[in-house]
K.L.:
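Below is a structure I'd like to ask you about.
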Amino acid sequence: MAQLWGGRFTKETDQLVYNFNASISFDQKFFAQDIKGSIAHATMLGKTGIITEEESAQIVEGLKSILSDVENQKLEIGMQYEDIHSFVEATLIDRIGDTGKKLHTGRSRNDQVALDMRLYTRDEIENIKELLKNLMNTLHKLMKENVHTYMPGFTHLQKAQPVTFAHHVGAYMEMFKRDYSRLCDIYERMNYCPLGAGALAGTTYPLDREMTASLLGFNGPTLNSMDSVSDRDYIIELLSALSTICMHLSRFSEEIIIWNSNEYQFIELDDAYSTGSSIMPQKKNPDIAELVRGKTGRVYGALISIMTTMKGIPLAYNKDMQEDKELTFDAIDTVKGCIALFDGMISTMKLNKKNMQKSAMNGFTNATDAADYLVKNGVPFRDAHSIIGRLVLYAIEQNKAIDELSLDELKSISPVFNEDIYEAISLETCVEKRNTIGAPGPEAMKTVIEKNEEFLKNI
Ligand code: ARG
């Protein structure tokens, strides 16, 4: 047992209690952030004269050596310490002697851990943004290449109207753009420094909180010391944003699984992104898409877990809050893995454009356009809807598509039909003439693709 306290105790901590309480097994993950925070704190202590400049320099030197030794695996983080803060402080004292004992002046582990977690999640937000950016670049490429790749659009998983692959992928592009901007918003809101809040009530030392905040790249110090040590809102916001990213990836995965199925064959996943069966030799399974879909539950779990943990905690710090770490780390690592693998999977999959097009041509995806044709020829829409309904029924009986019926057959349902109906309901017309903003037509897509290009250039 190696802990930072004990003076007022007359008994050793029970070993089980110690183990239950200790956090080193997981908070070692932010050793670098903990040391950087301490370097800023020690620098400020020196500049403000709370400790001498020499002491400050000695502490900073010692901390830097610990950081580089851990990074270069010359120093192992010992599991006998209660937490990462204890490990760093004990190692510092070990290396530089009594001066090391001055590092914790005007600081508590409560503001220290609040800082570490912010620094860690802030760094990870940047990493996740980068992964999302890569994914969006993959989607952007797919969009540019598939403006004329026709496929059925679905509602209720029933064929509805034809769209293009670019248009379908473009829907996810919009979702990931929102996810990206959500992360930027969270970053902005969380980017205030809790260091200096002390245990809960600040300190009587003349700490320069503006200085530590600016040394660590924050917009400024937090404004209430009790809130500073007990606020975990930003983690909830982050886990909510991560849950939404997972939800988007999961929906997309579900479609990949459907498109990759034997029945659809719209796409084929690369061998490198598929797995086999131990018994059925013919199988090539979309495990990555399934895992991404499955891991979504785990990230939602983290969100619900922290929301529940936080709901009954009185101000200020309580040990319950230590529970924020494992689940946040796990959610972050899970989401990073999901984005990277999903990106690899969709950038290597092959499109079966012929099958997509064939599928877009049956299932009466042009029925709305047939009704619109009648409307343009003077039939009120409600009547046109019912005429085409009867026409579809007739075509189903004949086992034909609408455009496979002869003009005589069409005219027998409505005399308004003329030779130009075939052009009006061709797959090309149904897609290429839909050019209102946001629609699948190539003119509309061109504008969107240009906007996306601009967006990706500026992030
Ligand atoms: N391991 C603790 C946590 O994660 C660090 C803060 C400990 N503070 C305390 N007063 N025991 O929350």
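We count ligands from 1, going down the list as the structure has it; atoms in each ligand are counted the same way.
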K.L.:
Step through it carefully: locate the ring centre of Phe252, locate the ring centre of Tyr172, and say whether they are under 6.0 Å apart.
P.N.:
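Between Phe252 and Tyr172, the centre distance is under 6.0 Å.
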
K.L.:
Need the list: ligand 1 N/O atoms against protein N/O atoms, distance under 3.5 Å, rounded to one decimal.
P.N.:
unit_1: ligand 1; atom_1: 1 (N); unit_2: Ser23; atom_2: OG; d: 3.1
unit_1: ligand 1; atom_1: 1 (N); unit_2: Gln322; atom_2: OE1; d: 2.6
unit_1: ligand 1; atom_1: 4 (O); unit_2: Lys325; atom_2: NZ; d: 2.6
unit_1: ligand 1; atom_1: 8 (N); unit_2: Asn110; atom_2: OD1; d: 2.9
unit_1: ligand 1; atom_1: 10 (N); unit_2: Asn110; atom_2: OD1; d: 3.0
unit_1: ligand 1; atom_1: 12 (O); unit_2: Tyr317; atom_2: OH; d: 2.4

K.L.:
Minimum heavy-atom separation for Tyr192 to Arg189, with atom names?
P.N.:
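Looking at all heavy atoms of both residues, the shortest contact is CD1-O, 3.6 Å.
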
K.L.:
Compute whether any side-chain donor of one residue and acceptor of the other, for Asp116 and Gln112, lie under 3.5 angstrom apart.
P.N.:
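Distance-only check fails for Asp116 and Gln112.
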
K.L.:
Checking salt bridge (Lys or Arg N to Asp or Glu O under 4.0 Å) between Arg118 and each of Asp233, Asp111, Asp231, Asp324, which is the one that passes?
P.N.:
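Looking at Asp233, Asp111, Asp231, Asp324, the match for Arg118 under the salt bridge (Lys or Arg N to Asp or Glu O under 4.0 Å) is Asp231.
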
K.L.:
Are Glu268 and Leu351 side-chain neighbours, meaning at least one heavy-atom pair lies under 4.5 Å?
P.N.:
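They are not in contact (no side-chain heavy atoms under 4.5 Å apart), so the answer is no.
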
K.L.:
Would you mind listing every ring-ring contact (aromatic ring centres under 6.0 Å, His included) that reaches into residues 87-131, with sequence neighbours excluded?
P.N.:
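Listed once each, the pairs are Tyr81-Phe87, Tyr120-Phe329.
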
